[in-house]
Protein chains: 2
Amino acid sequence: MAQQTETVRRTPLSRERVLSAAVVLADESGVESLSMRKLAQQLGVVPMALYKHVANKEELLDGMVDVIVGEIDTGASGDDWKSAVRQRVLAARQILLRHPWARHVIESRTNKSAVVLEYMDAMIGMFRAGGLSVDLTHHVMHAMGSRMWGFTQEVFDDSAGAAAEIPPAMLHAMAEKYPHVMEIAMRADHDDESVVGQGCDDQFEFEFALDLLLDGFERLHEQGWTSRGRST
Amino acid sequence: MAQQTETVRRTPLSRERVLSAAVVLADESGVESLSMRKLAQQLGVVPMALYKHVANKEELLDGMVDVIVGEIDTGASGDDWKSAVRQRVLAARQILLRHPWARHVIESRTNKSAVVLEYMDAMIGMFRAGGLSVDLTHHVMHAMGSRMWGFTQEVFDDSAGAAAEIPPAMLHAMAEKYPHVMEIAMRADHDDESVVGQGCDDQFEFEFALDLLLDGFERLHEQGWTSRGRST
DNA sequence: ATTGACAAGTGTACGCCGTACACCTACCTT
DNA sequence: AAGGTAGGTGTACGGCGTACACTTGTCAAT
């Protein structure tokens, strides 16, 4: 009678199954509420089972980043380096936008996996192929910062969108205390002759900054930049 | 005999005392190991006592950011807007460097305190005083991102400094897999004719990117920038 | 001098977390 | 048939944030 262990013997765990379940869970309810226990439950397994596939939670997060970075479209393009980089970064952005938690996780990771190193190596290669010197490329990569992953750290919170729900009295008080902030927030909010609509257009802001940087890189490159201001 | 409750009745807690003790603790052992319980112990008090002065841990972190931001030297300068902003940002950087944990905390905060809003308002004011339009200033602030606090998100980890401790065999393997990364890492590492010394010079990288951005802002401003590419 | 309100600090307890460690069990190799 | 091994289990521990009920010390009004 001994029934076949269970109806059909569920598909076994694997590192891949663990990681992608974790990504799904983070997409759904945020990375801050992702726990080994909830992840295990989702997979119909006891928490400790996960530890046969990932060393610990840190490594789980590393793996999740790899999954995301692996999704980035790295289709080659024969364009000039600027367009190539631009295209790659915007492709990364498309992916990152679908996994809002990834921003935070990427920033907090300290070890770089093979997948991440490959991505970075390829991007460095784009600048080098464009003729930028090793040194200039080095600085340029630093200047890119997390923008190479397609996100800005949104220090400048979208105070505009929220303005609608703030009582007028408080709005007035804020306008007195933070006149410049309000000026910008209000403009972004109801500037009817612009495209923005609600709040401000994150995509526009991102491309604005990206192009500013790329143009700056190009200018330095054309001027034959060499460690200005440093002794030879 | 009843001794006077305790030798001398310790100085009472206060929000300020709690916050600055938290800052000290984070400076010493990192923000990730800062807990309400350890903080309480440090203050010679039971954990729940803290909750009379901060609502919860989130608010504690907010308050810690305020302490740091409050330290930033905001001495006015009569210079042109570019130098003024540059000076302010580098002042912020000096403070942030002394509190490495603040980077992460500032980035993860979602609510902006009065102190933070004041800082941002002042910085916006600098651009406006320099004659930049509201729109341009808006985009410029986005482009600054967390650089306005004096830090870059160090996505590009200092692989150079670490290279010294990696066995040559692995170094060789890495050079084959990530040639461009290695090229940069090695150059930054033992480029004897540069100032850099060990690894790469973070301060230089920061100023490089900051100046690139500021120069870009200036150029756009001089060209009378108006929402390029957007319909009127 | 008595009262009583109120702010500050305490003690206990709950539910969550990551994970060490010993165990079982199914399967594969020989 | 024997035994090694990889994958899944169960129990348990110490740490976390914090709810809630409590004592205590202080001071103003009576």
Side-chain angles (χ1 to χ4, degrees), chain A residues 1-23 25-26 28-65 101 104-105 108-111, chain B residues 1-23 25-26 28-65 101 104-105 108-111:
Chain A
M1 206 42 85
Q3 74 204 77
Q4 196 187 335
T5 319
E6 259 162 38
T7 32
V8 80
R9 188 100 196 96
R10 66 171 173 245
T11 65
L13 244 43
S14 72
R15 187 175 162 90
E16 284 66 40
R17 248 167 61 75
V18 169
L19 292 183
S20 55
V23 166
L25 218 55
E28 285 171 355
S29 24
V31 75
E32 71 286 345
S33 87
L34 171 67
S35 71
M36 299 300 273
R37 297 169 121 104
K38 282 185 198 153
L39 178 54
Q41 190 172 25
Q42 183 85 0
L43 288 162
V45 111
V46 93
M48 287 311 293
L50 302 176
Y51 288 85
K52 298 287 190 210
H53 304 277
V54 293
N56 48 43
K57 195 177 180 181
E58 287 287 289
E59 207 200 87
L60 175 76
L61 292 169
D62 285 340
M64 290 168 69
V65 169
W101 50 270
H104 198 231
V105 176
S108 62
R109 250 20 17 219
T110 168
N111 289 328
Chain B
M1 206 45 79
Q3 76 205 74
Q4 197 186 337
T5 319
E6 260 162 36
T7 32
V8 79
R9 189 93 195 101
R10 68 175 172 243
T11 65
L13 244 46
S14 73
R15 187 175 163 91
E16 284 66 40
R17 248 167 62 74
V18 169
L19 292 184
S20 54
V23 167
L25 218 56
E28 285 170 356
S29 24
V31 74
E32 72 284 345
S33 87
L34 171 68
S35 72
M36 298 301 273
R37 296 168 122 103
K38 283 184 197 154
L39 178 55
Q41 191 172 26
Q42 182 85 0
L43 288 161
V45 113
V46 93
M48 286 310 293
L50 302 175
Y51 289 85
K52 297 286 194 226
H53 303 276
V54 294
N56 49 44
K57 193 176 182 183
E58 287 287 289
E59 207 201 87
L60 175 77
L61 292 169
D62 284 341
M64 291 168 68
V65 169
W101 50 268
H104 198 231
V105 176
S108 62
R109 243 41 349 233
T110 167
N111 288 328

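Just so it is clear, the structure is predicted and the values come from calculations on it, not from any experiment. Labels below follow one simple rule: chain letters A, B, ... track the order of the sequence lines, proteins then strands, and each chain is numbered from 1.
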List every contact pair, protein side and nucleotides 14-18 of chain C side both N or O, where the distance is under 3.5 Å.
from   : atom 1 : to    : atom 2 : distance (Å)
C:dC17 : OP1    : A:S35 : OG     : 2.9
C:dG18 : OP1    : A:M36 : N      : 3.3
C:dG18 : OP1    : A:K57 : NZ     : 2.9
C:dG18 : OP2    : A:M36 : N      : 2.9
C:dG18 : N7     : A:R37 : NH1    : 2.3
C:dG18 : O6     : A:R37 : NH1    : 3.0
C:dG18 : O6     : A:R37 : NH2    : 3.4

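- Listed candidates were D:dG10, C:dG9, D:dG8. Nearest to the side chain of B:V45 is C:dG9.
- Take B:E28 and apply the side chain to side chain contact (heavy atoms under 4.5 Å, CB included) test, not counting sequence neighbours, and it matches B:V24, B:L25.
- With sequence neighbours left out, B:S35 forms a side chain to side chain contact (heavy atoms under 4.5 Å, CB included) with B:R37, B:K38.
- Taking B:E59 as the reference, B:R15 meet the side chain to side chain donor-acceptor pair (under 3.5 Å) condition, with sequence neighbours excluded.
- A sub-4.0 Å separation between OP1 or OP2 of D:dG8 and a side-chain N or O of A:H53 is present.
- Regarding B:L13, its CG atom lies at a distance of 9 Å from the P atom of C:dT10, rounded to whole Å.
- As rounded to whole Å, 11 Å separates atom C1' of C:dA20 from atom NZ of A:K52.
- Regarding A:R15, its CZ atom lies at a distance of 17 Å from the P atom of D:dA6, rounded to whole Å.
- Exactly one residue among B:V54, B:L34, B:V105 makes a side chain to side chain contact (heavy atoms under 4.5 Å, CB included) with B:M64. That residue is B:L34.
- Regarding A:M48, its CE atom lies at a distance of 15 Å from the P atom of D:dC13, rounded to whole Å.
- Side-chain contact between A:L60 and A:L39 is present, with heavy atoms from C-beta onward closer than 4.5 Å.
- In this structure, the CD atom of B:E59 is 15 Å from the C1' atom of D:dG17, given to the nearest Å.
- The side-chain heavy atoms of A:R109 and A:E58, taken from C-beta on, include a pair separated by under 4.5 Å.
- Over its length, the helix from C:dA1-D:dT30 to C:dT30-D:dA1 turns its helix axis by 10°, as judged from the five terminal pairs at each end, rounded to 10°.
- Counting to the nearest Å, the P atom of C:dT19 and the CG atom of A:L39 are 12 Å from each other.
- The two residues B:N56 and B:Y51 make their nearest non-hydrogen contact at CA-CE2, 3.9 Å.
- In this structure, the CD atom of A:E32 is 15 Å from the C1' atom of D:dG17, given to the nearest Å.
- When the P atom of D:dC16 is taken as reference, atom CD of B:Q41 falls 9 Å away, rounded to whole Å.
- In terms of heavy-atom proximity, A:P47 sits nearest to A:A40 at CA-CB, 3.4 Å.
- Evaluation of the side chain to side chain contact (heavy atoms under 4.5 Å, CB included) rule for B:S20 yields no partner, not counting sequence neighbours.
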